[in-house]
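Below you'll find the structure, written out as structure tokens, and then a few comments.
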Amino acid sequence: MRDPIENSGELIGWHDPDENRRWVRENKSRAMTDKRTTVQEAVRKFVPDGCILAMGGFGHIRIPMALIYEIIRQRKRNITMLGKTAVHDIDLMIGGGCVSRVEVAYAFGHELRGLSPCGRRAVETGQVKVTGEISNAGYQWRFLAASMGVPFIPARSMLGTDTIKHSSAKIIEDPWSGKPIALLPACYPDVALFHVHRCDKFGNAQIDGIIIEDFELARAARRIVITTEKIIEHEEIERQPWRTAIPFYLVDAVIEVPFGAHPTEMPVTYYFDEEHIAHWLEVSKTPEGTQKYFEEYVFGVPDYDAYLEKIGGKRRMEELKRIMNLQPPSTGEAAP
Amino acid sequence: MRDPIENSGELIGWHDPDENRRWVRENKSRAMTDKRTTVQEAVRKFVPDGCILAMGGFGHIRIPMALIYEIIRQRKRNITMLGKTAVHDIDLMIGGGCVSRVEVAYAFGHELRGLSPCGRRAVETGQVKVTGEISNAGYQWRFLAASMGVPFIPARSMLGTDTIKHSSAKIIEDPWSGKPIALLPACYPDVALFHVHRCDKFGNAQIDGIIIEDFELARAARRIVITTEKIIEHEEIERQPWRTAIPFYLVDAVIEVPFGAHPTEMPVTYYFDEEHIAHWLEVSKTPEGTQKYFEEYVFGVPDYDAYLEKIGGKRRMEELKRIMNLQPPSTGEAAP
Amino acid sequence: MTGQPRYNLTELLACVAAGFIEDGRSAFVGTGFPVVVGMLAQRTHAPGLLIIFEAGGIGPRVPALPISVGDSRTYYKASGASSLHEVMSASQAGYVDYGFLGGAAMDCYGNINTTVIGDWAHPKARLPGSGGANDVGSFVWRAIYVLRQQSKRTFVNKLDFITTPGYLTGPGARERAGLPADTGPYRVITQLGVYGFDDDTKRLKLLALHPGATVDQVREASEFEIIIPEQIGVTAEPTDEQLRILHEIDPRGMVIGK
Amino acid sequence: MTGQPRYNLTELLACVAAGFIEDGRSAFVGTGFPVVVGMLAQRTHAPGLLIIFEAGGIGPRVPALPISVGDSRTYYKASGASSLHEVMSASQAGYVDYGFLGGAAMDCYGNINTTVIGDWAHPKARLPGSGGANDVGSFVWRAIYVLRQQSKRTFVNKLDFITTPGYLTGPGARERAGLPADTGPYRVITQLGVYGFDDDTKRLKLLALHPGATVDQVREASEFEIIIPEQIGVTAEPTDEQLRILHEIDPRGMVIGK
């Protein structure tokens with residue numbers, strides 16, 4: 001068998017499976033204990049400076065914004081961010097000076113809404129360093145490897161491109177077909193943050209809509225913090241245990257944060273706050289505007305409740321719920 | 001890199017990923033068409049003599065018995081059975097003379113109920129050949145590889161044992177840690193049969209309770225036949241699309257068969273028919289008894305409805321539902 | 001003819017792209033333009049088209065244009081709302097026929113850059129990276145590119161970065177690299193015309209010109225030489241029916257208004 | 001003492017096995033005896049024990065003894081009802097502390113055979129194979145064996161087939177084979193006593209005798225030499241409270257009646 005082809009991307013978040021098993025044995029309690037805490041305490045305890053961080057959700061979907069604002073408020077520094085399609089989250093955290101490195105599947109852009117002024121400025125001036133490139137499926141499968149406790153997962157994408165050359169993947173010959181195949185190294189984030197629809201106080205979490213990468217990510221990360229629209233009784237989990245997307249023994253902290261994904265979308269619950277996202281994209285065109293945004297919405301408010309009041313409070317959130325619920329089939333007769 | 005260590009088990013169900021992709025492209029329609037048919041027709045069309053066959057469910061759980069009886073009735077021959085924990089299903093099909101080969105994770109036993117007289121007789125006399133050994137997790141991950149369209153999945157079990165020596169796995173050095181790791185080859189069954197709780201006429205299927213290996217198996221098999229307790233409207237699928245365990249484009253045939261798992265368990269719906277299972281274990285101790293069983297319950301009845309009548313009809317099925325629903329927490333006060 | 005033209009460029013491109021979709025097949029769509037193309041195909045000649053979104057939406061009846069790839073509208077009245085793992089696996093396993101891609105720049109083999117302008121370590125401009133594009137370009141049977149600003153700056157001799165594979169360095173290069181066999185870019189649609197790839201060289205080849213466009217314009221708007229065959233088609237103009245449906249799909253002109 | 005003995009062998013073994021379970025840990029349990037052990041531990045000193053079933057049940061309040069590994073009772077009032085992939089992955093990743101195994105025969109390194117008696121290709125007796133046993137024996141931190149018929153036929157010099165790994169050929173052999181580090185059989189419980197494995201040689205070592213059993217009986221009931229240390233403990237007898245709970249768990253004596 002020929003030697004594997006190495007690539008030049010920095011290896012982020014990999015551990016020898018035996019080392020990670022030992023860490024799990026010593027640090028993850030299997031006891032079903034009450035894990036409720038506050039956003040402040042969870043960030044203080046589980047998001048240290050210099051950690052490798054990943055967000056549940058995807059793009060502008062189900063992003064744990066209360067935790068992200070708190071990370072900025074606590075002025076966390078030197079975070080390595082997993083850009084597993086990281087959009088609004090990474091943009092704000094870069095603006096807040098929290099992020100120094102990022103491995104990129106997708107970052108510095110807001111999909112249809114345009115590119116990120118803030119994120120691009122940071123990477124083009126060298127404030128933020130890109131450690132390597134990967135694809136969305138590639139990241140997903142790095143988490144799959146970690147969730148399974150194996151050192152890698154094989155994949156057939158990225159081959160032949162500069163994306164793989166700047167990744168931490170290796171290429172071997174498949175011993176059955178003899179064809180080249182990429183091996184994607186496991187990625188164990190130090191901490192992953194999720195916002196979910198429902199969760200009991202032990203951490204058993206339910207998610208409606210697409211689960212995106214959260215199944216694998218939750219099982220890959222060493223520490224997990226969950227914010228939830230609602231804390232439910234354990235009995236509700238017991239009634240349909242097959243709806244549990246994240247079981248309690250993976251979870252380190254649980255916080256009830258209604259509307260905790262604003263201004264991103266909470267599937268089937270409330271829609272994007274397009275006005276607020278547009279506001280951010282506008283003001284973040286300059287460092288001064290970015291700073292002013294944080295003074296207004298992060299440093300200038302004591303907590304997430306006060307932030308929600310600031311962006312329009314209950315009335316605004318009800319509007320966003322209404323937009324989500326409307327979703328009329330487009331008839332061409334009338335604009336929604 | 002050292003050459004992989006090869007093992008002696010026969011490679012069952014593996015295809016070069018490109019060859020399988022081509023097969024999928026040419027043979028699996030993506031159109032959402034009405035796939036309802038009969039048990040007779042589905043078995044005739046999708047379970048040819050000599051095929052590689054796997055069952056959804058596990059052990060005595062959610063086994064598509066109507067299809068299995070029909071396979072026996074149609075006197076299918078030379079089937080290679082994937083013993084991914086195959087219990088009642090393989091035992092009957094061996095008794096019926098349908099199976100000539102089996103790859104074994106678990107077979108020839110009925111868990112707590114004892115060993116399989118019929119299955120053991122067949123393998124000890126050479127009527128049925130064991131092609132290789134594997135573990136339950138190993139089989140699961142062979143299906144995972146196929147479901148992902150990759151040639152193998154790495155795993156850390158079986159290493160160092162005769163189980164792996166008699167498997168089709170290969171052993172390489174993990175190019176990151178340098179430690180030995182097993183590569184489990186993808187397994188694409190020719191056909192997999194499932195019994196589910198709910199399914200629309202297009203094949204979108206919901207499963208309650210544990211899904212066991214069915215997520216991966218359904219995505220690994222080339223052909224899929226689904227029997228369902230109930231055919232539901234597509235609108236019911238649309239209401240909670242995140243409950244779809246098997247999406248329609250994987251499915252080739254759909255048949256409504258209430259109580260289609262008897263005498264095995266349909267999770268949260270009806271319990272094992274212990275009396276019937278015990279009867280089979282008793283009569284299958286001799287070839288004559290086995291033959292008599294088939295004459296009575298398979299060849300002697302035209303179809304599954306008639307079979308259900310024979311085993312006690314609606315009254316018996318209501319009893320089994322009641323046993324399932326009871327499930328009182330054990331108090332020690334009274335036996336259930 | 002006086003007054004407003006009957007259709008704009010986006011509408012033309014949408015109709016052309018939809019025309020490449022066969023019925024009873026499946027397509028990966030991103031947000032924006034590709035959704036419009038998929039919905040147009042569904043409402044005209046390909047009602048049995050299975051639309052799949054990268055983050056997990058499977059077979060939705062898209063009620064209104066989704067803004068994000070994971071938007072609830074991507075699994076509204078869907079057959080499945082699953083995961084990136086599920087749909088990427090299905091696509092790696094050969095279940096997805098079409099995928100739509102765009103990009104900042106393309107070379108003659110259909111390789112695409114969406115990562116950086118300039119040097120990777122010290123970029124002049126940093127773009128978002130692959131996202132799911134590399135996966136789509138690696139896995140789908142027929143990738144369709146829509147690049148509406150064909151010019152010497154977008155059709156280039158050498159890319160700063162190959163984010164997503166086209167035919168890499170030419171015939172057989174994808175297979176030699178380990179990518180799934182028989183895949184690759186199928187059509188490239190720009191403001192000037194429609195392109196395919198030459199069977200022998202896997203280099204870009206003009207297939208048809210849009211109404212009013214010329215071969216000289218095509219040649220002029222590319223750094224590399226485009227193969228110009230003897231026979232060149234002309235793109236069909238959108239029908240009134242197609243335009244009507246486009247306005248039904250996107251009544252506010254979020255996509256087709258651009 | 002007259003009349004019936006206060007407890008039978010199964011009850012003794014269940015209490016001994018439960019004693020090895022620390023609180024706040026997790027255990028893979030199969031059907032039958034291991035469920036009884038897990039439930040007993042939960043109802044005595046280890047209320048925080050997380051019980052996991054191989055087919056997907058996570059943390060159930062088991063209402064009555066399940067008959068099959070996938071029985072609905074394995075996820076009755078559970079935290080999760082998932083998949084073989086989920087629980088096997090969790091266990092491969094180090095989340096599962098204990099696992100219970102049995103077998104037809106064992107050698108001095110704790111390797112187990114549940115596959116064939118005689119030659120593999122032409123077996124005298126065919127047994128069910130690994131099932132999940134190899135995975136449990138490979139992945140859990142501490143495997144606990146219950147082999148209630150210790151004899152020269154079950155404690156053998158050479159197994160016909162190594163289905164599930166013990167310490168393979170001795171110290172370091174598991175790691176050299178690629179199995180997860182620091183795992184392996186922890187305790188072996190038979191009708192005669194409790195065994196561990198010698199740190200230096202990884203060979204079976206007697207730790208404690210059950211009430212009434214002797215070292216001679218232990219030696220006699222093994223083909224291989226068992227390490228007999230100077231200090232040997234005596235197994236504690238089941239308390240009345242433990243027996244009461246066992247009868248609560250298994251009122252019909254499905255398991256403990258045997």
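Here is how names work: the chains are called A, B, and so on, in the same order as the sequence lines, proteins then strands, and each is numbered from 1. Hydrogens, waters and symmetry mates are skipped; everything else that's a heavy atom, side chains included, is used.
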Worksheet item: Under a 4.5 Å heavy-atom cutoff, which of B/Asp18, B/Ile153, B/Val268 has the most pairs with chain A?
Response: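 Top count of heavy-atom pairs under 4.5 Å with chain A: B/Asp18.
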
Fill in: Pair B/Arg2 + A/Asp3, salt bridge at N-O below 4.0 Å
no

Taking only heavy atoms into account, what residues of [range] are found under 4.5 Å from chain B?
range: residues 177-187 of chain A; answer: A/Ser177, A/Lys179, A/Ile181, A/Leu183, A/Leu184, A/Pro185
range: residues 231-247 of chain A; answer: A/Trp242, A/Arg243
range: residues 138-152 of chain A; answer: A/Trp141, A/Leu144, A/Met148, A/Gly149, A/Val150, A/Pro151, A/Phe152
range: residues 8-16 of chain A; answer: A/Leu11, A/Trp14, A/Asp16

Worksheet, complete the sentence: Pair count under 4.5 Å, heavy atoms only, with chain B: among A/Ile211, A/Asp208, A/Ile207, highest is A/Asp208

Discussion item. For a side-chain contact (heavy atoms from CB on, under 4.5 Å) check, start with the C-alpha distance between B/Arg21 and A/Arg156, then their side-chain angles and the critical distance, and finish with the verdict.
Written reply: CA-CA 12 Å; B/Arg21 278 178 59 95; A/Arg156 306 189 73 201; 3.9 Å; yes

